[in-house]
Engineer: 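Structure provided below as structure tokens; questions to follow.
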Amino acid sequence: MKRIGVFVCHCGINIAETVDVKRVAEEALKMDGVAYAQDYIYMCSEPGQALVREKIKEEKLDAVIIAACSPNLHESTFRTAAEEAGLNPWQCEIANIREQCSWVHSDREKATSKAINIVGTIVQKTRLNESLEPIPVSITKKALVIGGGIAGIQAALDIADSGYKVILVEKESSIGGHMAQLSETFPTLDCSQCILTPKMVAAGKHPNIELMTYSEIEEVSGYVGNFKVRIRRKAAFVDWSKCNGCGLCMEKCPSKVSSVFDRELAKHGAIYVPFPQAVPNKPVIDKDSCIYFKSGKCRLCEKVCEIGAIDFEQEDRFVEEEVGAIITATGFETLPVADLAEYGAGDVPDVIDGLAFERLLSASGPTVGEVRRPSDGTIPKEIVFVQCAGSRDPERYKPYCSKICCMYTTKHALLYKHRVHDGQPYIFYIDIRTGGKGYEEFYHNAEEEEGIIYLRGKVAKIFRDGDKTVVWGTDTLTGRNIEIAADLVVLATAMIPKDSTAELVKKLRIQTGPNGFLSEAHPKLRPVESINSGFYIAGAAQGPKDIPETVAQASAAACKVISLFSRDHLEQDPAIAWVDEDLCGSCRICISVCPYDAREFDEEKGIVIVNEALCEGCGSCVAACACGATQQRNLSDSQIKSMVTASLGGG
Amino acid sequence: MSENTGLAPPKSPPIRLTREIVNAGFKQRVNELSGQHMDACYQCGNCSSGCPLAQEMDILPSRVMRLVQLGQSDDIINGGTIWICASCFQCTVRCPKGIDIQAVMDALRQIAMEEGVDHFGPDQISPELAASVPQPGLVGVYRKLAT
Ligand SMILES: Cc1cc2nc3c(=O)[nH]c(=O)nc-3n(C[C@H](O)[C@H](O)[C@H](O)COP(=O)(O)OP(=O)(O)OC[C@H]3O[C@@H](n4cnc5c(N)ncnc54)[C@H](O)[C@@H]3O)c2cc1C
Ligand code: SF4
Ligand code: SF4
Ligand code: SF4
Ligand code: SF4
């Protein structure tokens, strides 16, 4: 019989306060197969691990059980310790008596007997554990980055600089994302374009980066190290390999379309580049507004284009790529003003959102940086900023704080004051949140020295009265309601995930949280990884964040990819499903239940096999298999049966 | 003195803010007279928390600061707070932004007197009360209110 050692952790008082750890060790020693048992204050500490190593040798143990916290935390720590002492790592098991026992109970007597029970079940499992070897998996050392905002650009550059190939897929015709729309950036007020453009150009020219703009992900299959990706390259109706970016076509195009980039404050032709610094600087034709596509007449652009780059026959193309890791950096958008009924639902003139105001402030924007209101082009003298427009409103809109709007609203008021000296900015807020380096100082300066009036209270209503836009708010600091007849109102609308993200995550099979932002594997310790191996996340797609945080996260995600690529091969956990070929009746039910597409019919053998690289060991197919042909390694039917018996008090 | 006992909330019509109200007159005058910078106040409330006479006031010191920021003079000038204030400097030593609130109170008293607002006068002291208050106390009060 196996000689099993049981080590019971106090976890300081985390476990010991509720569970009588000494008694757990004593009772464990009475169990069949247990040759040694001891409690210790911190098993995960170096002396704790040394104890495990020492006792494995001294007591000639064949397997060890650590009764402690969740295996998510320290399973690999203890398996490494066991391996160092000569055991196969799969002969080390964790009995979770913290998260599943001490933390959720208060009755010491009952918690102790439950802890003994948990240890008992794991003893049963361990008795029948096989020694396993990790499954080696090869790696394609090329990364895919989805989304070409500052997050995607930074991640791509970092990976490319370390010598690996990157494909950067961007939905729009140019990379840059929202940062390209911004005027100056808090807290240092550097011009956004000036710090972004060099990075865009670097990404465009990097020998290791292949830019695929105006492209979208169609399909993703495979697993960490070995993904297959199908990418749709949308028809631009311009042959980019010929186009030299002269811009003649755009000058001549008679069609007029509201510019999405300029938040509808300006128009461009049906053939356009979104902004002058675009990378690549190549135009696309918007089929829906092109006169030729609608009526069969025009083709002016084609006439003026001397090199013949216009190609009305172009169709979407599809390319297949193989990559080893995928970073999703699809960014954000903002809650539409139309969704905010009490703020005019987009129907009150001169109520705009923060991004539109960025365009008004931008030197390359539709007003060349002069603040002019949309309705009549006059310069607003009374300007109201409304924070938390749709944020922190769990009843009606978004429950979360959008995190960046406090800072950018102060920036907006400040930049407005720099341009309109005799104008008066007011900011309505619930709280001012300035948690960042230099942020509080930025805000204090604005409040003290720039004459910006901060009013503490949420705005209840905005409506038009003549050529004024009236704002009804309050100032809880005076206990008085406030009414301002404003010339322009700017709403700091909630940051929400990019709409296409929901569809994309289904293709990638990665998770999002309740508000649609990408989920990280662990909120503190694994902030740039998705739960599914090989997928990484960065930027505002994961949650509201500003540029410094976005860039830090992008570099962190890149670093994870680089560390993955620095290995010769990957090791897959072997505790996964396997099939007894003689028993499989090829009913294929397993194929339909596997959430990871790991089960496939093998024509030659006439049975359903397990793709070991894809199997995550979830056990769905094991439970579904009517013939009992599919089993899970180290969780066989007989193991589970004896564990259930032990947990019911049998032995 | 104000009728307001502080028990019932004052009637509060909305303040109609304009750049003229915010920038003209009152706040600037308080800045000049007190040598303080009213916009520096970030409404932490420390001056009110530490004020030994706060429970006697109809408007707390921090709210006085706030009303000045918004150019709202009426409630302050006609209210009791600036006269209740004993110039004890508790607020001034506590203010995290280094504002001398006591100096602001002084400035406000001066503005009130300039405007001829009826404030605490000898005729408001009943003979019985005058008899029970020590003379140096009465002299001290008039000295302060006459500056
Ligand atoms: C009004 C306003 C002012 C701001 N001011 C500042 C400031 O002063 N300072 C500061 O630090 N931060 C500021 N920010 C925040 C800043 O804009 C963000 O931190 C930053 O843009 C986040 O970058 P990102 O790359 O994560 O997302 P994005 O900029 O949104 O980029 C995402 C990119 O992914 C692309 N994409 C989306 N979906 C797909 C898909 N399915 N397939 C392919 N591509 C896709 C998008 O087209 C886009 O190019 C401001 C934000 C707003 C709204
Ligand atoms: S054919 Fe279309 S894109 Fe070309 S000039 Fe005419 S409207 Fe513009
Ligand atoms: S950052 Fe500020 S304005 Fe934006 S939601 Fe949070 S508290 Fe409101
Ligand atoms: S100086 Fe006046 S306001 Fe300041 S703490 Fe003393 S009594 Fe209160
Ligand atoms: S202590 Fe200073 S900053 Fe705080 S509320 Fe009073 S005056 Fe304002």
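A note on names: the letters A, B, ... follow the listed sequences, proteins ahead of strands, and every chain is numbered from 1.
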Engineer: Let me know if A/I452 has heavy atoms under 4.5 Å from chain B in its side chain, its backbone, both or neither.
Structural biologist: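 For A/I452, no heavy atom lies under 4.5 Å from chain B.
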Engineer: Could you have a look at B/K27, B/Q72, B/K97, B/M38 and say which one has the most heavy-atom pairs with chain A under 4.5 angstrom?
Structural biologist: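 Result: the option with the highest number of such pairs is B/K97.
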Engineer: Mind running side-chain contact (heavy atoms from CB on, under 4.5 Å) on A/R456 and B/Q43 for me, showing each step along the way?
Structural biologist: CA-CA 10 Å; A/R456 197 201 163 277; B/Q43 288 290 294; over 6 Å; no
Engineer: On a heavy-atom basis, which atom in A/Y426 and which in B/V22 lie closest, and how many Å separate them?
Structural biologist: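 Nearest pair, atom of A/Y426 first, then B/V22: CE2-CG2, 4.1 Å.
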Engineer: Please report the C-alpha distance between A/R480 and B/D75 in whole Å, then the side-chain angles of each, then the deciding distance to 0.1 Å, and finally whether the side-chain contact (heavy atoms from CB on, under 4.5 Å) criterion is met.
Structural biologist: CA-CA 12 Å; A/R480 300 281 295 276; B/D75 289 348; 3.3 Å; yes
Engineer: Could you go through A/I432 and B/Y42, starting from their C-alpha distance and side-chain angles, then the distance that decides it, and tell me whether this counts as side-chain contact (heavy atoms from CB on, under 4.5 Å)?
Structural biologist: CA-CA 11 Å; A/I432 296 286; B/Y42 64 170; over 6 Å; no
Engineer: Checking heavy atoms, do the side chain of B/L60, its backbone, both or neither come under 4.5 Å from chain A?
Structural biologist: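 Neither part; nothing is under 4.5 Å.
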Engineer: Please classify the contact between A/Y454 and chain B as side chain, backbone, both or neither, with a heavy-atom cut-off of under 4.5 Å.
Structural biologist: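 Contact with chain B is through the backbone of A/Y454 alone.
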Engineer: With a 3.5 Å distance limit and no angle check, can you tell me whether B/R16 reaches the backbone of A/I484 through a side-chain donor-acceptor pair?
Structural biologist: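 No, B/R16 side chain to A/I484 backbone: no donor-acceptor pair under 3.5 Å.
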Engineer: State the CG-CD distance between A/D475 and B/Q69, to the nearest 0.5 angstrom.
Structural biologist: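 A/D475 atom CG to B/Q69 atom CD measures 9.0 Å (nearest 0.5 Å).
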Engineer: Between A/D422 and chain B, with a heavy-atom cut-off of 4.5 Å, which part of the residue counts as in contact: side chain, backbone, both or neither?
Structural biologist: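 Both parts, heavy atoms under 4.5 Å.
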Engineer: Rounded to the nearest 0.5 Å, how far apart are CG of A/L455 and CG of B/L70?
Structural biologist: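 One finds 6.0 Å between CG of A/L455 and CG of B/L70.
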Engineer: Say you draw a straight line from CD of A/E450 to CG of B/D39; how long is it, rounded to the nearest 0.5 Å?
Structural biologist: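 Answer rounded to 0.5 Å: 10.5 Å.
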Engineer: Does the A/E382 side chain pair with the main chain of B/R19, one donor and one acceptor, at a distance under 3.5 Å?
Structural biologist: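 Checked: pair present.
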Engineer: Report the option among A/K381, A/E447, A/E448, A/Q424 that has the most heavy-atom pairs separated by less than 4.5 Å from atoms of chain B.
Structural biologist: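 Option with the greatest count: A/E448.
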Engineer: To the nearest 0.5 Å, how far apart are OG1 in A/T478 and CE in B/M65?
Structural biologist: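 Reported to 0.5 Å precision, the distance equals 14.5 Å.
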